[in-house]
Number of protein chains: 2
Amino acid sequence: MVSIKDVADQAQVAVGTVSNVLNNPDRVAEKTRERVLAVISELGFVRNDAARQLRAGLSRTIGLIVLDVSNPFFSALARAAEDRAAESDSTVLLGDSAHDVGREGRYLDVFEQQRVKGVLISPVGNIDSRLEQLSAHGVPVVLVDRVDPQGRVSSVSVDDVAGGYMAVQHMLSRGRRRIAFVGASTDILQVADRLKGAQQAVAEVPDAQLEVVEATAMTVLAGRASGELLAERGRDGLPDGIFCANDLLAIGVMQAVLLIRGLRIPEDLALIGYDDIDFAQSTVVPLSTVRRPTELMGRTAVELLLEAIEGLSPESRQVIFQPELVSRGSTL
Amino acid sequence: MVSIKDVADQAQVAVGTVSNVLNNPDRVAEKTRERVLAVISELGFVRNDAARQLRAGLSRTIGLIVLDVSNPFFSALARAAEDRAAESDSTVLLGDSAHDVGREGRYLDVFEQQRVKGVLISPVGNIDSRLEQLSAHGVPVVLVDRVDPQGRVSSVSVDDVAGGYMAVQHMLSRGRRRIAFVGASTDILQVADRLKGAQQAVAEVPDAQLEVVEATAMTVLAGRASGELLAERGRDGLPDGIFCANDLLAIGVMQAVLLIRGLRIPEDLALIGYDDIDFAQSTVVPLSTVRRPTELMGRTAVELLLEAIEGLSPESRQVIFQPELVSRGSTL
DNA sequence: ACGTACCAATGAATCGATTCAATTTATGGT
DNA sequence: ACCATAAATTGAATCGATTCATTGGTACGT
């Protein structure tokens, strides 16, 4: 394996000079620099990161742990984070906890051993003890899609109450009045917030009413079941607008309403989802939905982390983004 | 920052002993070991990976670069690879090239600098020059979902010809005879292979015929367009079985056929896709499809890499997996 | 010709864990 | 009690890049 020493010998300079060619090129005379660079590519020298960061005490790496890489929200966020990190000459190590506490823990261990500069994490469950440990070791943390109730660390998240509000307000503005909310258990914070927003919107319009339909899960199949349940009532008992807590549910509802009951969307029924997954624009009737500013969140998360690393702002910051309404055929 | 030296001082032993507690616990007397472990947790000592691997010359890390983390095929593969690597006390660094040569290159650079043990890669384009460089530096490589035509490195991939064959053979065995293949340009190797398999299956049945419909892309919308084109012909010109080169296309075809033309699946038309994406089982009529053994591929890729690292088998191995038919409602 | 800056280049010390030859301590047999 | 042997412990050397005080050169002004 080629080391800086080999390069130095071959180029007839001291190791310090080679190091300067790499890190402070302007301190080295042009002739020398060229000679060294020539030797570097001739020998195929590649910097040993371990030695660098042993000396430096810190790596140029940021750890990112997401709940599910295959979730488009997280993969897009990860990409944005990587791009932003690259701009600051850092690399992102991506870990997929797959909603598993054990995997999350293993990644945190690895990250600590690697002496990452900081950690971005969308935590599985309660990470209080982990937060303690990381901060005890001086590793900055930024929460993603979650706020720290105690405000110890910075976070980026989305205002789901506003998202729920804008979804329902959109249907109300289109003249719909009998609104149904379809979502899984409100134990899930995000679902509860979206419902809260929906309630606020309905409260502002005198003759509007909101009905809550609890689905068994946040899946297409659960949505289909809820859709059938609603459609069975016949024309009169039917709501004229349905807000689903995510796009998968909405797709299920659409399948039930359209195919199994032969109703028309949006004529008989307006429908809106949440998340703007890829599929939303490919449904039979393109699905209106609420989109989170994924890329901005990824970039901002990295920026908050860099701030924390550089100790610029000692106090933590909770950045909350506003979601965006995407209006498509299902609410025309 | 707590180092092994601090632990040694506090526990009144030599640094070598602390190291042995961590790496060769049975060489240390029980009493000493306990004392050292107590100090370790008391001081919150965390091994410095940089120092370890500087000394060792090699990390305990494997680099994995996939084309798209949000693709369920790759995310499942990545998870399996991580699990397998963990069993061998290694960690996987996951990089998402997002089909971008620049990103791929950046990851390879980082991996080289980090002195990863080896690299698993699903390459974006031609990586001949990269392969040269990596092998020149002695970094073992295993290709994923791609074979090296020159057989220099090991690989894991899927027999797409067999997959195409079993999809069409399945429909033939159900009595279908007028088969259509819907796929994007056969420039894509995978599409070409699946078509080849379809042709083989049809060739084995005297009165069966195969028609090729070229879609503009491998998406739901492109599938819908192709489906409408086919359905426009009316009953007589219609095939009685459609094989789509992936599930997205099949979902599009299903939308067109079912909703826009009011045909029945599978009565009027059998339909089968490829990939077994999550959505396949949630379509209105559950979609039959062909599944690749994703987890096995991930595990095997790691195993081939470990073999190459340990230099057990100097010659490369091309492992080709057989896909599996998943029969659902759309081909009953 | 001499002194003062300034620019380039040098190379020893450093980071922290591991390794291994050397040394100390413990154990058992007679 | 003594020696042989095994077990436990020690600590200096090592990995490779960076840093920085120091040295060697060059240019310029007087």
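Everything quoted here is computed from the prediction, not taken from an experiment. Just so it is clear: chains get the letters A, B, ... in the order the sequence lines come, proteins before strands, and each one is counted from 1. What you see below is based on every heavy atom in this structure, not just the backbone, and it leaves out hydrogens, waters and symmetry mates.
Between the CE atom of Met1(A) and the C1' atom of dC15(D) there is a distance of 13 Å, rounded to whole Å. As a whole-Å value, the separation of Gln114(A) CD from dG16(C) C1' is 15 Å. dT18(C) atom P lies 16 Å from atom NZ of Lys5(B), rounded to whole Å. Taking atom NE2 on His137(B) and atom C1' on dG16(D), their separation rounds to 16 Å, with Å as the unit.
The one candidate from Gln318(B), Arg317(B), Arg146(B) that meets the side-chain hydrogen bond (donor to acceptor under 3.5 Å, both in side chains) condition with Ser155(B) is Gln318(B). Of the candidates Val7(B), Thr32(B), Asp6(B), Val7(B) is the only one forming a side-chain contact (heavy atoms from CB on, under 4.5 Å) with Val18(B).
Across every non-hydrogen atom of Val124(A) and Val101(A), the tightest pair is CG1-CG2, 3.9 Å.
Shown for residues 52-60 of chain B: residues whose heavy atoms fall under 4.0 angstrom of DNA chain D, namely Leu54(B), Arg55(B). Across residues 9-44 of chain B, Gly16(B), Ser19(B), Asn23(B) each have a non-hydrogen atom less than 4.0 Å from an atom of DNA chain C (numbered order).
Other residues, nucleotides and ligands contribute over 12 non-hydrogen atoms within 6.0 Å of the CD atom of Gln113(A).
The phosphate of dT18(D) has OP1 or OP2 within less than 4.0 Å of a side-chain N or O from Arg47(A).
In this structure the side chain of Leu143(B) never reaches within 4.5 angstrom of the side chain of Val147(B), judged on heavy atoms.
Salt bridge absent: Asp100(A) and Arg106(A) never bring a charged side-chain N and a carboxylate O closer than 4.0 Å. A salt bridge does not link Asp159(B) to Arg292(B): none of the charged nitrogens lies less than 4.0 Å from a carboxylate oxygen.
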Should Met297(A) and Thr300(A) be marked as a side chain to side chain contact (heavy atoms under 4.5 Å, CB included) after you check the CA-CA gap, both sets of side-chain angles, and the distance that decides it?
CA-CA 5 Å; Met297(A) 289 177 75; Thr300(A) 307; 5.8 Å; no
